J.: 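Quick one: structure below, then a few questions.
Letters go in sequence order (proteins before strands), and every chain restarts at 1. Only a predicted model underlies this, so the values are computations on that prediction, with no experimental measurement involved.
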Amino acid sequence: MFLRSIFAVAASVALSAPALAQDPLPPETFGVMSAIAPGPNVIVYQESLSGPGSLVVLGADDLAMKGTMPSGSFGTMLVDPAGKVAYSLSTFLKRYAYGPMETVLQIYDVDTLTVKSEVILPPKGVMALSYAALLQQSADGKFIFAQNATPASSVTVVDLAAGAVAQEIPTPGCWGIYPATTGSSFSTICGDGSLMTYALSADGKTATETVGLDIFDPDADPVFATTARSEAGIVMVTFLGNVIIASDADGTPKKVDSFSLTEGVEGGWVPGGYNLVTYSSGLKLLFVLMHSGGYDGSHKNPSEEVWAVDLAKKAVVGRMPLAGALSITAAPGDKPVLYTLMADIKLVRHELDLAAYATKVAGELPLVDLPFLATATP
Amino acid sequence: MFLRSIFAVAASVALSAPALAQDPLPPETFGVMSAIAPGPNVIVYQESLSGPGSLVVLGADDLAMKGTMPSGSFGTMLVDPAGKVAYSLSTFLKRYAYGPMETVLQIYDVDTLTVKSEVILPPKGVMALSYAALLQQSADGKFIFAQNATPASSVTVVDLAAGAVAQEIPTPGCWGIYPATTGSSFSTICGDGSLMTYALSADGKTATETVGLDIFDPDADPVFATTARSEAGIVMVTFLGNVIIASDADGTPKKVDSFSLTEGVEGGWVPGGYNLVTYSSGLKLLFVLMHSGGYDGSHKNPSEEVWAVDLAKKAVVGRMPLAGALSITAAPGDKPVLYTLMADIKLVRHELDLAAYATKVAGELPLVDLPFLATATP
Amino acid sequence: MTGFFDTMLARLDRLTETGARRVAQTSGRRSFLAKAGTLILGGALAPMLPFDKSHATGTGGGVATGSDPLQCDYWRYCSLDGTLCTQCGGSLSMCPPGSEASTVSWVGTCRNPDDTRDYLISYNDCCGKTFCGNATFCNFNEGEKPGYRMALHNDINWCMANTSVGYHCTVAVLVGLAE
Amino acid sequence: MTGFFDTMLARLDRLTETGARRVAQTSGRRSFLAKAGTLILGGALAPMLPFDKSHATGTGGGVATGSDPLQCDYWRYCSLDGTLCTQCGGSLSMCPPGSEASTVSWVGTCRNPDDTRDYLISYNDCCGKTFCGNATFCNFNEGEKPGYRMALHNDINWCMANTSVGYHCTVAVLVGLAE
C-alpha cells in the first residue's frame, strides 16, 4: 500500500517536467509501521538451539509475512485464544553458549509485534523442542504454567496480573501441562500411567493434587506428550495408534474412552511427529499425523497421511495423503483448514474437503530454524 | 585413538566367552578430551549476525575437525603468530536481539580450546563482517587493538598483561588497524587518501599520531581495507587492480611503491572479495583474488582466479583458476599452500605448484554461518 | 567423570528412575514391532529431519545398525538426537576439548550388530560451546519416550544441569550390557 | 523520523562526512566501468553469496535494475547488503512493526530505470529483533566503500547506534535526487 502511494504520486505528476518525462520521485519519510494488518494469523515458533528463536506471524489465509517477535534459545510459545497476546518460554545465556543463564517468559502484543513485558522465571525452565504442552495458560487466563526440568520435573506458575512467579509445583515423574477448561487447574501425564491434576488456590500460591491412576500403559503403549482437547476431555494418542480420552471435568482425572485408530488396518500405521495431533471443535474432528511401517523409534517420523477421527463414533472417518509433516494445527472455529509444519522447514496450508475427506495444498511458505509449533488465531 | 583402544580390548578377549563368540564390550568412562591433536592448524571464524559465532580449528594438512571455540555476534578473530592464543571481538546482547549490549574480547587457549579470559571493552566495538583489519595485535605482543564504530571510528587498546583497556584512540574518518612490524604502533587508512600512524606510549595509555598524505585516491580508486604485510610495508590493493605499498618503517607512513596488476590485461579483471589478499613471506609472493568484467559494485564478488604477484618485480607471475573464493590466506613459512573461504560456505585447501604456477585442490570442508576469515598457524 | 550414571540416576525423580531402569532394560525394537501390528521392515522411510539444512547428510529415521561412528546410523546412536561429537573434535565417549561434560544424560538400549548383544548407552551432551553446526545432526529414537520417562527422553537439552547450559554435541557412552 | 539523514551526517566524523557527500553525489557505475579498463557488461556473474543457504534465492551480484521491491535486484537496492524488510513485515521505507528504526544509515546512489534519474538512497537497518532469516539476504555494492568512507560502507551493522543493536532487516528509503 505504501509502495503504491509513492508510485501514484510519481505517476500523477508525469509529463509536467520539461527536461524529463516526469517529475522526480518525492523524498520519503523513514519510520516504523505501527501495527500489522488486521485479520487472523498463523503464528509459528522458529526454535534455535544456540541463539535467538522467533515467533513469525503470517496471514492465516495467504500466509503473508506480517513480521516476527524475538525469543531466546530452546524456546516454545503460547498464543492466547483471542490471538492477541503471545508468550514464549526460553533461555538466555550471558555468553550465548556459556555463562549465567536466565529462563525468561516474554509477553508479546501480537498487533504491534512488541515485547510488552517479561518475567524472569526460576532458572530451570525446560530447554526442549517446542512442544505445546510445555507452556500453557489457565482457562481463566490468570496464570501461565511453564514446564521445568532439572531434570526433575516441576511447573512454574506465573501470576499474569502481578507479573511475577506465584509458585513452583513439583511434578515428579510427570510431564506436560494440560489445563482444565475452566478455572485454574491443570493436569500432567506421569510415567506410571497416571494423570495428576493440580488445582490452584485463588492467589495461585498453593495447589492441591489429585491422581488418576491407570490411564495408560507407559511400557506397552506410551502416549505422546502432545494431546488435543475435545469436549470429552484430554485426547491422547499412543505410540501404537490408540486414542485415550481422559476427563478432568470433576477434578479427578479418569479414563473415559479409548479405541484403536489402526485395528484392522494393514500397513503398520502409527502416529508420528512432534505436535502431531489437533482437534477442531468446529468440525468435531481430531486430526492425527500417521505413517506406515511403524517401528520402535519411528514415533517422530514425518507423516505420510493425516487421519480424520470422529471421537463420538470412535472411528477414522477419513485418510488423506499428507507427506512430510511433523506438526499440525487446525484453524479455529469451523474453518476447514489445517496447517502443517514440514520436515523440510516450511509451513503448508491445507484446505479440507469434508465431503470427500480430501485435502488440497493452498499455500506454503519456507521457514527457518526449527519450526515445530504453530497456532492459528481467530 | 580412543575408539581403537576400545575395539582392541574387545578383540583381545574374543572367543573367551562360552555362550557367544566374544566377551561383551567393556564399559567406558565418559569425560572431556584434554587437548587437541598437535600440529599446525587452520582456524576459521564462523560469524553469526544474530547469535553465537565460533572459531573452528582444523588440521592444516587434512582439515580434520579438532573442535571449536565460542564467540558472540558480528565478530571477528585474531590468532597470534605462534598459533597458540586466539582472540575474538564480538557483541553479546542480554536478550540476543535486543537489550543491553557488551563488546567482549575473548582470549582463547588454542591447544585446550578453552576461553582463558575475557576483557569487556567499551560498548562500541565494531559489528561488521570478519575483516582481519578490525582486530589486531601489536608486534611486541603487548597490546590488542580493536576497531570501534559508533559510527565514529576509534580504536580500543587492550593491555594484555593488565587484562584491561589502556585507552581509546579516536581515529576520525579512518578505518582498519595495520600494526607496525616492531613495537606497538599501528597505522590506519583514512578516507582522504592518507594513512595515519599511532605510536603508543610504553604503558599504552597515550598515543602520538603521524599522518602520511596522498597515499591513495579514495574517489578514483579506493583501496580495500584488507591488506597484506610484505618486507616493503603495508601492501594495499585497489578496486581497479593497482597495488600500493606504504612503508611505516620510520613512523611516518609514505607510499613507496605502486603498480598495476591489470595493465595490458584484457577482460576487465579486478580484485574482489573480503579478506582477498595474502602474502607469503616464505614464497615471497602476494596472492590476490580476481574476477573479470569488473563493475562498480563487483568488489566483493567471488573470485575466478588467484593471481600470484612478485612485488619486487612489480609483476603478476602467475594466474591460476580458482572460482568462488571470497577470502584467502597463505600457509605460514614457505609451505606452498593456500586456503580459501568459498561463497558456498566451505574451506578449500590448495596446493601450489610454483614451477607451473598451478593450484590443485587438496581438501575441502563444509563450514557454517558466515566464514570470511581464516588463519593458518605454524 | 566416573559414576556419572549413578549421579544421573540419583538426581532423577523416583518415578522416573524406576521407569527408566525398567524400560531401558526391557524395551527393544523387536517387542515394539510385534505390537505395532503388521510389520513392514526396511521400508522406504528415510525422512529428512528438521534440522540444519546446511548439512543434507544430517538425516535420521530408520534403524541404527552401522559400524561407522562418524555416521548417523552407527549402532550406538539408536536413540541419539543431536550433533555428533565424533565430528566435532570429540570421540564416541569423550567430549571435545574445552567443552563441559553433561552431569546428566538420557539412555538407550542398542544392539551391537557385531555380537548381537543389547547394550545400555548413555547419551551425554557436551556443553558450554556454540552449537556444533559443523557436525551432522542425527536423530534416532529407539526406545525414546516423552518427558514423563525423562531418562529416555531426547528432545531436551541434557546440558540442563550444567554450569553452562549451551548445547554443543552428543556422545554415546557404552555403559554395559542391557541384559 | 524526519531529519534522520541530517542526524546521521551530523554524527559522522568530518572527514567521513565530506567524503560521503562527495562520493555519493559523483560516483556511479558508469564512471567506474570507464576506469576499470575493458568493459564486459552483463557478464555471467551471478555469484552465490555467502549468506543463509536456506534461501537459495538469496543471491546478489550484478547490477540492480529491477522493479520488484520483493526481489534483490530492485533498483533501489543497488548498494543494499542485508535482508529485505519488504519480506519481513515492513515496506521499502518503513521498518516492520515492533522493530526499532536505525538512527544512522549508509547511503547509495541508484539509477531509477523508469526515469533514468540517479537517486540518493538511505539504507536504514531495522533493529531490536531476531535476524529476519525469513527474508532474502541481498548483496549489491554499487558505490560501496570500505569503512574509511563509513557512510558508504555496508559490511557493518547500522543498528550500531541504537538502544537495541540486534540486526533485523534493511529498508531503502528514497532521500532525493542525487544530481
J.: Is there a side-chain contact between B:Val104 and A:Arg95, using heavy atoms and a 4.5 Å cut-off?
T.: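 Yes, close enough: below the 4.5 Å cut-off.
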J.: Of the backbone (N, CA, C, O) and the side chain (C-beta and beyond), which part of B:Ser54 lies under 4.5 Å from a heavy atom of chain A, both, or neither?
T.: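 Contact with chain A: none, neither part.
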J.: Looking at chain B, which one of A:Ser73, A:Ser71, A:Ala97 has the largest number of heavy-atom pairs inside 4.5 Å, strictly under?
T.: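 Maximum pair count with chain B is reached by A:Ser73.
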J.: Got a second to check how far B:Glu102's CD is from A:Lys94's NZ, nearest 0.5 Å?
T.: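 Those atoms lie 5.0 Å apart.
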J.: Measuring heavy-atom distances to chain B, does A:Thr68 have an atom under 4.5 Å in its side chain, in its backbone, in both, or in neither?
T.: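 For A:Thr68, neither part sits under 4.5 Å from chain B.
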J.: Counting only heavy atoms closer than 4.5 Å, note whether A:Ser90 contacts chain B via side chain, backbone, both or neither.
T.: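 Neither part.
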J.: In the structure I gave you, are the side-chain heavy atoms of B:Pro70 and A:Tyr96 within less than 4.5 Å of one another anywhere?
T.: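 Counting from C-beta outward, B:Pro70 and A:Tyr96 never come under 4.5 Å.
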J.: How long is the straight-line distance from CG of B:Leu93 back to CZ of A:Phe92, given to the nearest 0.5 Å?
T.: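 A:Phe92 CZ to B:Leu93 CG: 10.5 Å, rounded to 0.5 Å.
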